[in-house]
Amino acid sequence: MLCYNQIMKNRIECDRLDICPLSIEEMRRLQKDNQTTAVKSVLSEVIKSAIAHKIERMGKAPIEAHPWLTYWLATEKTSGAGIGLIGTKSLPDLKGSVEIGYAIAREYRNCGYMTEALTGFLDWLYECPFCESATLAIRSANAPSARVAEKCGFQFEGMRDIYKIYRYWL
């Protein structure tokens, strides 16, 4: 994993957020709700299920791949609260594309935090020479998430079942 080890950062600093990848141990603590880093409302049932899937994949992958398989915790600088999670669902595919997923705690929505986190995460992806695009699959009913995608420069590509598919070219 030359790309991660020699080029890519393991921390993303934004204006109001620090974003760092979670280790497999930290992910296990999130899964068991035995942690103090993330605001509880970010851990919906969907996110808990994704965490379980990510832990399984991380357990089978070399540690160099973990930044691509884990969630990154977005921590608000002023309070130190872990207010959101963002990450890719896998390594880039053969076309250089990755799918991104994210979530933000209810009490921090509509404040621009996820737009800031996604912009920072896209900058991180840009540093990887074998990553050419990123996609988002957003439920049709999730207008706030679609607004975040559009603010960050994602383009609507079409529908897949109940999801709107957006793409960002790096």
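With hydrogens and angles ignored, the 3.5 Å screen pairs a side-chain donor or acceptor of Thr119 with a backbone N or O of Thr115. Looking only at distances, a side-chain donor or acceptor of Arg109 sits under 3.5 Å from a matching main-chain atom of Ile104. Using a distance-only test at 3.5 Å, with no hydrogens or angles considered, a donor-acceptor pair links the side chain of Glu116 to the main chain of Asp15. Judged by distance alone, the side chain of Tyr108 and the main-chain N or O of Val42 form no donor-acceptor pair under 3.5 Å. Distance alone, capped at 3.5 Å, is enough to place a donor-acceptor pair between the Ser41 side chain and the Arg106 backbone. The main-chain N or O of Leu69 is found under 3.5 Å from a side-chain atom of Lys54 such that the two form a donor-acceptor pair.
Using modelled atom types and a 3.5 Å distance limit, the side chains of Arg57 and Ser90 yield no donor-acceptor pair.
To the nearest 0.5 angstrom, Leu17 atom CG is 10.0 Å from Ile12 atom CD1. Separation of atoms CD1 (Ile24) and OG1 (Thr70) is listed at 8.5 Å; rounding is to 0.5 Å. Residue Ile165 holds its CD1 atom at 3.5 Å from CZ of Arg160, rounded to the nearest 0.5 Å. To the nearest 0.5 Å, the span separating CG on Leu30 from CZ on Arg28 amounts to 12.5 Å. Note that the CZ atom of Arg16 and the OG1 atom of Thr78 stand 9.0 Å from one another [nearest 0.5 Å]. One finds the CD atom of Glu157 at 8.0 Å from the OG atom of Ser133 (value rounded to the nearest 0.5 Å).
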Inset, instruction - Might you work through the side-chain contact (heavy atoms from CB on, under 4.5 Å) test for Gln31 and Lys48, ending with a clear yes or no? - result: CA-CA 6 Å; Gln31 182 185 37; Lys48 287 179 184 177; over 6 Å; no
Legend entry - Evaluation steps, side-chain contact (heavy atoms from CB on, under 4.5 Å), between Met114 and Ser145: CA-CA 9 Å; Met114 191 45 66; Ser145 190; over 6 Å; no
Inset, instruction - Run the numbers on Leu170 and Glu132 for side-chain contact (heavy atoms from CB on, under 4.5 Å), then give the verdict. - result: CA-CA 5 Å; Leu170 299 164; Glu132 296 183 14; 5.8 Å; no
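Hydrophobic clustering keeps Tyr102 apart from Ile47 (ILVMFWY residues linked when any side-chain heavy atoms are closer than 4.5 Å, directly or through intermediates). Cluster membership for Phe121 and Tyr168, using ILVMFWY side-chain heavy atoms within less than 4.5 angstrom, is shared.
Using a 4.0 Å cut-off between a side-chain N of Lys or Arg and a carboxylate O of Asp or Glu, Lys60 and Glu56 qualify as a salt bridge.
Partner Cys131 forms a side-chain contact (heavy atoms from CB on, under 4.5 Å) with one of Val98, Asp93, Leu91 and no other, that one being Val98. If you run side-chain contact (heavy atoms from CB on, under 4.5 Å) between Phe154 and each of Ile138, Val148, Leu136, only Leu136 comes through.
Trp124 and Trp68 have tilted rings, their planes meeting at an angle from 30° to 60° on a 0 to 90° scale.
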